[in-house]
Amino acid sequence: MTLVVIIAYFLLLLGVSRLATSRSNNNVFFRGERKSPWYMVAFGMVGASISGVTFVSVPGMVIHSGFSYLSVCAGFIPGYFIVAYVLLPYYYRHGVTSIYTILKPLGQTAYKTGASFFLLSKLLGTGAKFFVPCYIISLMLGWHIALTILMLFSLVWLYTRRGGIKTLVWTDTLQTLCMLAALVMIMWEVGHMGHISLMGHMGLMSQVGQSFMGISPVSLVLSFLSGAFIVIVMTGLDQDMMQKNLTCKSLRDAQKDMCSYGFAFLPVNALFLLLGAMLVALSNQQGMPLPSNPDDLLIRYALEHVPIIFLLGILATSFSTVDSSLTALTTTFCIDICERPDDERLRKVAHLAMAVLLALCVFCFSLSDTSSLIDVIYTLVGYTYGPLLGLFSFALLHNRKSRYAPVVCIAAPVLCYVISTAVSHYTTYRMGYELLMLNGLLTYCGLWLTRKVG
């Protein structure tokens, strides 16, 4: 049954792809012909930004940190407004297809370094995000995870290879709808099984206030600021997230779509946390111990009681993440690394090569062990996206070339790691999402110190 659902879902995506894309060329693949309706982009971006890891990990967060993750999500909102009214006008004014062309004034080495850091960041981040769905689906199929990875990436490659970004605007809309439907149906089933009434839901929501009682104001502020910077970097400085926004007909349309889906993340993540609280309450009712791995909270229930609904949600969130990552990686490689935006043969080869590299990254993550992959992803963001934050800040504020951009962009994350380790060793404080801000600041300072004067 699991394989039938996967094939049926793939055929549905393939059908939408064929209807959305009547022809295939680089203008369609990279730019979507600049004709995307803003409301379709906005709705589809909700699903594209909520990965399979979010679907699994966020409910489990309530076990150790309650609803405190909402402080990070609250910071997302001002982050999206900054992207909409600071970065988007800059991108539209320069008519970019790849946002990393903005780094060209810093010199060819800085430009290539920025694009290369994006490739590295996206490969690692997507590998971490897609591992959990692959692992779950391999359990449901009874297959080895390597075979599952191969099958899923083959399906994603097949429905994205013709239309690229134009296909994704429409398939992501469908996938967001499937993700939200799966979330609501799982919550309904958990509520029915646990006899959780409307008053019961209100009682669970009262845990929101309790979650923040034991957290210091400094930590809350840092979490809020980290949320804003995570959005600025993971959306505003990420070709993956920005590419769909740049397919809108005008800057005004792109700003409307950015602000619209920016407001959606707080309530959607609150629903995921509420689902986690419901699952904890159900476990307590049934006398079941909570899992040692928070990610298993939803998996344990879903695989036993709602496997098909859960599979639909996992497919929707994971496919919408991987297909956009694959398209963005192909775009950056062709336009920024090779600087051959019109070479269709290169685009086709690069698209296949990036699918293979992503599959290898997922397989490597399958060999690791971690308790919560969402924390792993944000840690990777702090170390790999920090140099992008510094590079873009320097490019927007100064029209100066940097002589040692690659050295600076490598040294900053290393120094961040040293500082983080020292702070953990000599104090009780543990650096988290704020690593991103520190990394970006160190990169910016390094670029300024090594700038060419005159």
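Everything quoted here is computed from the prediction, not taken from an experiment. The basis for the numbers below is simple: all heavy atoms, side chains too, and nothing from hydrogens, waters or symmetry mates.
Counting only residues at least two apart or in different chains, salt bridge (charged side-chain N to carboxylate O under 4.0 Å, His left out) contacts with residues 172-184 comprise D172-K244. The side-chain hydrogen bond (donor to acceptor under 3.5 Å, both in side chains) pairs that include a residue from residues 8-19 are Y9-Q175, S17-T167, where partners are two or more places apart or lie in different chains. Sorted by first then second residue, the ring-ring contact (aromatic ring centres under 6.0 Å, His included) pairs that include residues 276-300, not counting sequence neighbours, number zero. Applying the salt bridge (charged side-chain N to carboxylate O under 4.0 Å, His left out) rule to pairs touching residues 255-284 yields D253-K256, sequence neighbours excluded. Pairs passing the salt bridge (charged side-chain N to carboxylate O under 4.0 Å, His left out) check and including a residue from residues 307-323, sequence neighbours excluded, do not occur.
Surrounding CH2 of W170 are at most 12 heavy atoms belonging to other residues, nucleotides or ligands under 6.0 Å away. For OH of Y135, the number of neighbouring non-hydrogen atoms (other residues, nucleotides, ligands) closer than 6.0 Å is 12 at most. Around CZ of R345, the count of heavy atoms belonging to other residues, nucleotides or ligands within 6.0 Å does not exceed 12. Heavy-atom neighbours of F29 CZ from other residues, nucleotides or ligands within 6.0 Å: above the threshold of 12.
Taking the side chain as every heavy atom from C-beta outward, E344 and N25 approach each other to under 4.5 Å. Under the 4.5 Å side-chain criterion, counting only non-hydrogen atoms from C-beta, Y100 is not in contact with L119. Within the 4.5 Å cutoff, the side chain of L435 has heavy atoms near those of the S420 side chain. Residues Y159 and V156 meet the side-chain proximity criterion, which asks for heavy atoms closer than 4.5 Å. Side-chain contact check for V280 versus L290: some heavy-atom pair is nearer than 4.5 Å. Contact of the L152 side chain with the C134 side chain is registered, since non-hydrogen atoms from C-beta on lie closer than 4.5 Å. Between P133 and F55, the closest side-chain pair of non-hydrogen atoms is not below 4.5 Å. The side-chain heavy atoms of L298 and F310, taken from C-beta on, include a pair separated by under 4.5 Å.
Taking the six-membered ring for Trp and thresholds of 30 and 60 degrees, F153 and F130 have ring planes more than 60 degrees apart, a perpendicular arrangement. Ring planes of Y69 and F76: perpendicular class, angle over 60° (limits at 30 and 60°). Taking the six-membered ring where the residue is Trp, Y90 and H94 present tilted rings, their angle falling between 30° and 60°.
Partners of Y91 by ring-ring contact (aromatic ring centres under 6.0 Å, His included), not counting sequence neighbours: none found. Residues forming a side chain to side chain contact (heavy atoms under 4.5 Å, CB included) with L352 (at least two apart in sequence, or on another chain): W157. Under the side chain to side chain contact (heavy atoms under 4.5 Å, CB included) criterion, L271 pairs with L183, M187, sequence neighbours left out. Residues passing the side chain to side chain donor-acceptor pair (under 3.5 Å) test with S116: none are found, sequence neighbours excluded. For the ring-ring contact (aromatic ring centres under 6.0 Å, His included) test, residues two or more places apart in sequence or in another chain that qualify with F81 are F263. For K122, the salt bridge (Lys or Arg N to Asp or Glu O under 4.0 Å) test picks out D238, D240, with sequence neighbours left out. Every residue two or more places apart in sequence or in another chain that forms a ring-ring contact (aromatic ring centres under 6.0 Å, His included) with Y301 is listed here: H305.
With T126 contributing its side chain and L123 its backbone, the two residues share no donor-acceptor pair below 3.5 Å. Q239 contributes no side-chain N or O that, together with a main-chain N or O of T332, makes up a donor-acceptor pair within less than 3.5 Å. Here the side chain of S36 pairs no donor or acceptor atom with the backbone of G32 at under 3.5 angstrom. Formation of a donor-acceptor pair under 3.5 Å by the N26 side chain with backbone atoms of P341 is found in this model. When atom types are taken as modelled, the side chain of T235 and the backbone of M241 share no donor-acceptor pair closer than 3.5 angstrom. Formation of a donor-acceptor pair under 3.5 Å by the T176 side chain with backbone atoms of G47 is found in this model. D296 contributes no side-chain N or O that, together with a main-chain N or O of I299, makes up a donor-acceptor pair within less than 3.5 Å. For T101 (side chain) and T97 (main-chain N/O), no donor-acceptor pair under 3.5 Å exists by modelled atom type. A donor-acceptor pair under 3.5 Å is formed between the side chain of N269 and the backbone N or O of F265.
Nearest heavy atom pair, residue A395 against residue L103, reads CB-CD2, 3.9 Å. For the residue pair W38 and C248, the shortest heavy atom distance occurs at CA-SG, 4.1 Å. Heavy atoms only, all atoms of each residue included: W143 and L3 are closest at CH2-CD1, 4.0 Å. Looking at every heavy atom in both residues, T148 comes nearest to S138 through OG1-CB, 3.2 Å. A pairwise comparison of heavy atoms in D343 and L346 identifies OD1-N, 3.0 Å as the closest pair. Here the closest non-hydrogen pair linking Q255 and A84 is NE2-O, 3.0 Å.
If you check the side chains of T331 and Q243, you find a donor sitting under 3.5 Å from an acceptor. A donor and an acceptor atom, one from each side chain of S121 and T384, are located under 3.5 Å apart. Using modelled atom types, one finds no donor on one side chain facing an acceptor on the other under 3.5 Å when comparing S250 with R34. A donor-acceptor pair shorter than 3.5 Å can be found between the side chains of T160 and H351.
Each of L147, L141, I149 was scored for a side chain to side chain contact (heavy atoms under 4.5 Å, CB included) with I145, with one residue passing: I149.
The line from CG of L297 to CD1 of I63 is 4.5 Å long, rounded to the nearest 0.5 Å. To the nearest 0.5 Å, atoms CD1 (I137) and CD1 (I6) are separated by 5.0 Å. From T173, atom OG1 reaches atom CG of L177 across 9.0 Å, with rounding to the nearest 0.5 Å. To the nearest 0.5 Å, atoms CG (L396) and CD1 (I102) are separated by 7.5 Å. Note: C259 SG to L88 CG = 8.5 Å, rounded to the nearest 0.5 Å. Distance check, rounded to the nearest 0.5 Å: CG of L358 to OG of S325 gives 6.5 Å.
Checked against the 6.0 Å centroid criterion, the rings of Y80 and Y261 qualify as a close aromatic pair.
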R300 vs L279, side chain to side chain contact (heavy atoms under 4.5 Å, CB included): CA-CA, chis, key distance, verdict: CA-CA 10 Å; R300 184 178 66 182; L279 288 167; over 6 Å; no

Run the numbers on I165 and F30 for side chain to side chain contact (heavy atoms under 4.5 Å, CB included), then give the verdict. CA-CA 6 Å; I165 201 68; F30 294 146; 5.8 Å; no

